[in-house]
Participant: 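One structure follows; several queries about it will come next.
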Amino acid sequence: MSKIVVVGSSMIDFTAYSQRLPKSGETIIGSKFEQGFGGKGANQCVTAARLEAATAFVTALGSDELGQQYIDKLKFEGIDVTYAKRKKSTNTGAAQITVAENGLSIVNAAPAVANIPPEIFKLADVFCINESEAESITGIENLTLQNVEKAVDKLLQMGCNTIIITLGSYGAVFASKENKKVKYIPADKVKPVDTTGAGDAFLGAFAYFTAYHANLSMEEIIKRSCKIATQSVLKAGTQMSFPRKKDLPANLFL
C-alpha cells in the first residue's frame, strides 16, 4: 500500500473572530474564540488521512499537555505517529517548512524567503507555493493571472522541476521543465466562510491523488485537489473544515 509521509509543523490554533482587524494598539471586542489543531504539515497530513490514505507524520511537539493532545488527535485521524516526537522542556510550537513525500517529493515553501538555496528547487519533484510566496521568491509584484507566467518561467529558470502556484479563488497554474507551457486550472466559484488552511487542504489532496491515483495526469490531479480545497472554505476553521472521503462525490475518486 502506498504511504504518504509528511514532514512538517504541528500548531495549536487560537482563533479569534471579530468584525474587523484592530488598528495598531487598539482593543476591540470579538464575537467568537476557538481553539483547534493546525500547522501546515499537520493540516496536509490530516487532509490525506481523511481521504483514506495511509499516512505517517514526522513532527516535533512540546512536552506540555497540548503536545499530548495533538498526539491523541493524530492517532484519532488514523495517522502513524511513530516519528512524532515530544521534546523535553519545550512548548508545543511550529516549524514553517513542510515537505510531503510518497516516493515523489513535494515542497511547500512557506513562509517564502527571497534567497532559497538552488538545491531546494532542483531536489523537489514538485515545488508548490501561493501567489504571495511566488512574489517574494521571484520579485515579481502584484501577481495576477495576467502576469503569472512570468513567475512560472522564472521559477523554472531557477531550477524547479514542476512548479504549481495556487491562486486562491482563481485556482492554480502549473508547468514543468519538460513542458514549459503554463496551464491554468480554475476553481469552482463559491461563497467562502473561512479560507484558513485551504492551501494545506490542496497540498494534502495533491499528495493523496499522486499516491493513490497515479494514472491521473498532473492537470487532473490539480483539478481534483482544487475541488477539495474549495470544499474546505465552506466551513470555519482549519482541520475541522477538511472534508472526509465519504462526504465527497464518488466520481472524484474514479
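Just so it is clear, the structure is predicted and the values come from calculations on it, not from any experiment.
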Participant: Let me confirm one number: the CD-CZ distance from Gln239 to Phe37, rounded to the nearest 0.5 Å.
Facilitator: 7.5 Å

Participant: Does a side chain donor of either Thr144 or Gln146 reach within less than 3.5 Å of an acceptor in the other side chain?
Facilitator: yes

Participant: Answer yes or no: does atom NZ of Lys189 have more than 12 heavy-atom neighbours from other residues, nucleotides or ligands under 6.0 Å?
Facilitator: yes

Participant: Within the supplied structure, the quantity of interest is the number of heavy atoms (other residues, nucleotides, ligands) at a distance under 6.0 Å from Lys87 NZ; does it exceed 12?
Facilitator: no

Participant: A side-chain contact here means heavy atoms from C-beta on lying under 4.5 Å apart; do Thr55 and Val5 qualify?
Facilitator: no

Participant: Could you check if a side-chain atom of Ile12 sits within less than 4.5 angstrom of a side-chain atom of Gln35, using non-hydrogen atoms only?
Facilitator: yes

Participant: Would a 4.5 Å heavy-atom cut-off, applied to side chains only, mark Ile228 and Phe202 as touching?
Facilitator: no

Participant: Any chance you could measure Ser241, atom OG, to Leu234, atom CG, to the nearest 0.5 Å?
Facilitator: 9.0 Å

Participant: Within a strict 4.5 Å, meaning less than it, do heavy atoms of the Cys128 and Phe206 side chains meet?
Facilitator: no

Participant: Do Glu34 and Met240 touch side chain to side chain, with heavy atoms closer than 4.5 Å?
Facilitator: yes

Participant: Between Leu156 and Ala175, which heavy-atom pair has the shortest distance, and what is it?
Facilitator: CD1-CB, 4.2 Å

Participant: Start with the C-alpha gap between Thr59 and Ser10, add the side-chain angles, then the distance that decides, and say whether side-chain hydrogen bond (donor to acceptor under 3.5 Å, both in side chains) holds.
Facilitator: CA-CA 7 Å; Thr59 193; Ser10 303; 3.0 Å; yes

Participant: Using a distance-only test with no angle check, is there a side-chain donor-acceptor pair under 3.5 angstrom linking Thr230 and Asp188?
Facilitator: no

Participant: Are any of the side-chain nitrogens in Arg244 or Glu77 under 4.0 Å away from the carboxylate oxygens of its partner?
Facilitator: yes

Participant: I'd like to know whether Lys75 forms a salt bridge (charged side-chain N to carboxylate O under 4.0 Å, His left out) with Asp80, so could you lay out the CA-CA distance, the side-chain angles of the two residues, the decisive distance to 0.1 Å, and finally the verdict.
Facilitator: CA-CA 7 Å; Lys75 289 180 179 177; Asp80 182 349; over 6 Å; no

Participant: Counting only heavy atoms not in Tyr184 (residues, nucleotides, ligands), do more than 12 fall under 6.0 Å from its OH?
Facilitator: yes

Participant: Step by step, would you call Phe57 with Ile71 a side chain to side chain contact (heavy atoms under 4.5 Å, CB included)?
Facilitator: CA-CA 10 Å; Phe57 189 31; Ile71 291 288; over 6 Å; no

Participant: Closest heavy-atom contact between Asn161 and Glu178?
Facilitator: O-OE1, 4.4 Å

Participant: Between Arg50 and Asp247, is there a salt bridge with N-O shorter than 4.0 Å?
Facilitator: no

Participant: So does Phe33 have more than 12 non-hydrogen atoms from other groups sitting under 6.0 Å from CZ?
Facilitator: yes

Participant: Using the six-membered ring wherever Trp is involved, compare the ring planes of Tyr208 and Tyr212 and label them parallel, tilted or perpendicular (cut-offs 30° and 60°).
Facilitator: parallel

Participant: May I ask you to decide if Thr138's main-chain N or O and Lys154's side chain share a donor-acceptor pair within less than 3.5 Å?
Facilitator: yes

Participant: Side chains of Thr47 and Leu203, heavy atoms from C-beta outward: is any pair under 4.5 Å?
Facilitator: no

Participant: Taking NZ in Lys73 as the centre, count heavy atoms belonging to other residues, nucleotides or ligands within less than 6.0 Å. Is the count above 12?
Facilitator: yes

